[in-house]
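Some notes on the structure that comes next.
The figures here come from the full heavy-atom set of this structure, side chains too, leaving out hydrogens, waters and symmetry mates. Each chain gets a letter, A, B and so on, in the order the sequences are listed, and its residues count up from 1.
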There are 2 protein chains.
Amino acid sequence: MSDGLQPQMGQSLLFLTDEQLRKGIEAMFFAYRGFTADPDRILADKSYGRAHHRAIHFIHRSPGTTVNNLLSILGVTKQSLNRVLRTLIEDGLVASTVGQRDKRERHLHLTPAGAVLERELSDAQRDRMRAAYRAAGPAAVAGFRQVLEAMMDEETRHHYEAMKDRPE
Amino acid sequence: MSDGLQPQMGQSLLFLTDEQLRKGIEAMFFAYRGFTADPDRILADKSYGRAHHRAIHFIHRSPGTTVNNLLSILGVTKQSLNRVLRTLIEDGLVASTVGQRDKRERHLHLTPAGAVLERELSDAQRDRMRAAYRAAGPAAVAGFRQVLEAMMDEETRHHYEAMKDRPE
DNA sequence: CTTGGAATGTCAACAAAGCTGACGTATTGT
DNA sequence: ACAATACGTCAGCTTTGTTGACATTCCAAG
């Protein structure tokens, strides 16, 4: 079952041993904690959570997006998203406007106050990412992105690539 | 505030633009979903959750570990871990034995049944990781690990490195 | 034109898993 | 003897996911 180190294995395949894979799994787990730590700290003071951060991020990213679209990007149920969205709208961070063409849809935008919080959160997250990128160097960063992209579900990767090259 | 593309910037720093960092952030978010998707599916049928998976993983990894040690690796409170651990012990997947040297400690091991579930979960997770590694290639994998390690908190990295080179 | 079904979004109730705080018990070490 | 440590537990709260029921809006078939 376990690969172990098979002497006859080509050098080029050593990175696929169970041990290497396990290290990658643990690296992913521990790194994700760091990845969310800084925004989480900021949000804790404001009675918001990670779900609010995600909503704010993708609304900023795709202004005017509908609830349904946001739903499929975030991969949660609409009831779960709705709770988060409701508090953000009540608190004046997100604006929801009825669709022109289709009045069933709601188009979502960040208000100026919402944009301020988005900035604060993404600055914090980017700072850590920038430090990691700088420490690892451009070649490592390219590999990092390649592996992450290969790790996504098919459908998820479509979402990722759809917003890949939009201008900021 | 925003880096934009500064014409005078050396080519070597282009990977540090806000846009590159944002892509990395989104890649991390989407990939983590894929990373947990397969074990989550298996666990859903068994009325266990991701928290149970994490406990099982690290008990397998460090057989005989104490509750306190597991606590600091997982970064949760003892009440939270205890809830998970209690169900695993009741269900006969984890064994808790009083310490020889220090009788206050409990040493945790997987039972044969626990080892079976661990295998099932880690096989599923490794399969995806292996596919991603294979698609990206050894150089990319090295970069992937470098960036992840640089992204961890100091204390977390110590945990990660402490169990880095243990034999399986 | 009407009407029935599909799509969009909201409300209610519940579950998983995190948290704080307080407390009890056994054991260790000063 | 006594303080500190390791563990377990009770109670109660929060965030964030779930399902089920329901209102509104749109569209297309009759």
query: Run the side chain to side chain contact (heavy atoms under 4.5 Å, CB included) check on Arg33(A) and Asp153(B) step by step: do they pass?
result: CA-CA 8 Å; Arg33(A) 268 223 307 252; Asp153(B) 277 337; over 6 Å; no
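Of all nucleotides listed (dG18(C), dT25(D), dT27(C)), dG18(C) comes nearest to the side chain of Val76(B). In this structure, the nucleotide among dT27(C), dT25(D), dC19(C) sitting nearest to the side chain of Ser80(B) is dC19(C).
Residue Arg106(A) places no side-chain N or O under 4.0 Å from the OP1 or OP2 atom of dT8(C). Contact annotation: Asn82(A) does not reach the phosphate of dG9(C) (side-chain N/O to OP1 or OP2, under 4.0 Å). The side chain of Thr77(B) contributes no N or O atom lying less than 4.0 Å from OP1 or OP2 of dG18(C). Residue His52(A) places at least one side-chain N or O under 4.0 Å from the OP1 or OP2 atom of dT16(D).
Remark: the Ser122(A) side chain and the His57(A) side chain contain no N/O donor-acceptor pair separated by less than 3.5 Å.
Atom C1' of nucleotide dT15(D) and atom CG of Leu85(A) are separated by 16 Å, given to the nearest angstrom. Atom-to-atom, NZ of Lys78(B) to P of dA6(D) comes out at 10 Å; the value is rounded to the nearest Å. Between Leu74(A) atom CG and dT15(D) atom C1' the separation is 15 Å, expressed in whole Å. What separates CD of Glu105(B) from P of dC7(D) is a distance of 6 Å, to the nearest Å. Taking atom CD1 of residue Ile89(A) and atom P of nucleotide dG9(C), one finds them 11 Å apart after rounding to whole Å. Counting to the nearest Å, the P atom of dG17(D) and the CZ atom of Arg41(B) are 17 Å from each other. Taking atom CD on Glu90(A) and atom C1' on dC11(C), their separation rounds to 13 Å, with Å as the unit. One can place CG of Asn68(B) at 17 Å from P of dT27(C), the figure rounded to the nearest angstrom.
One can find a donor-acceptor pair under 3.5 Å joining the base of dG20(D) and the side-chain atoms of Gln79(A). Side chain Arg104(A) to base dT24(D): no donor-acceptor pair is found below 3.5 Å. Side-chain N/O atoms of Arg83(A) and base N/O atoms of dG17(D) include a donor-acceptor pair closer than 3.5 Å.
Between Thr36(A) and Tyr32(A) the shortest side-chain heavy-atom distance falls below 4.5 Å. Using a 4.5 Å heavy-atom threshold, the side chains of Phe144(A) and Met28(B) count as touching.
Between Phe30(B) and Phe58(A), the distance from one ring center to the other falls under 6.0 angstrom.
Residue Arg50(A) is the one, among Asp102(A) and Arg50(A), whose nearest nucleotide of DNA chain D lies closer to the 5' end (criterion: closest heavy atom).
Residue contacts for Gly75(A): at a heavy-atom cut-off of 4.0 Å it reaches no nucleic acid atom on any strand shown.
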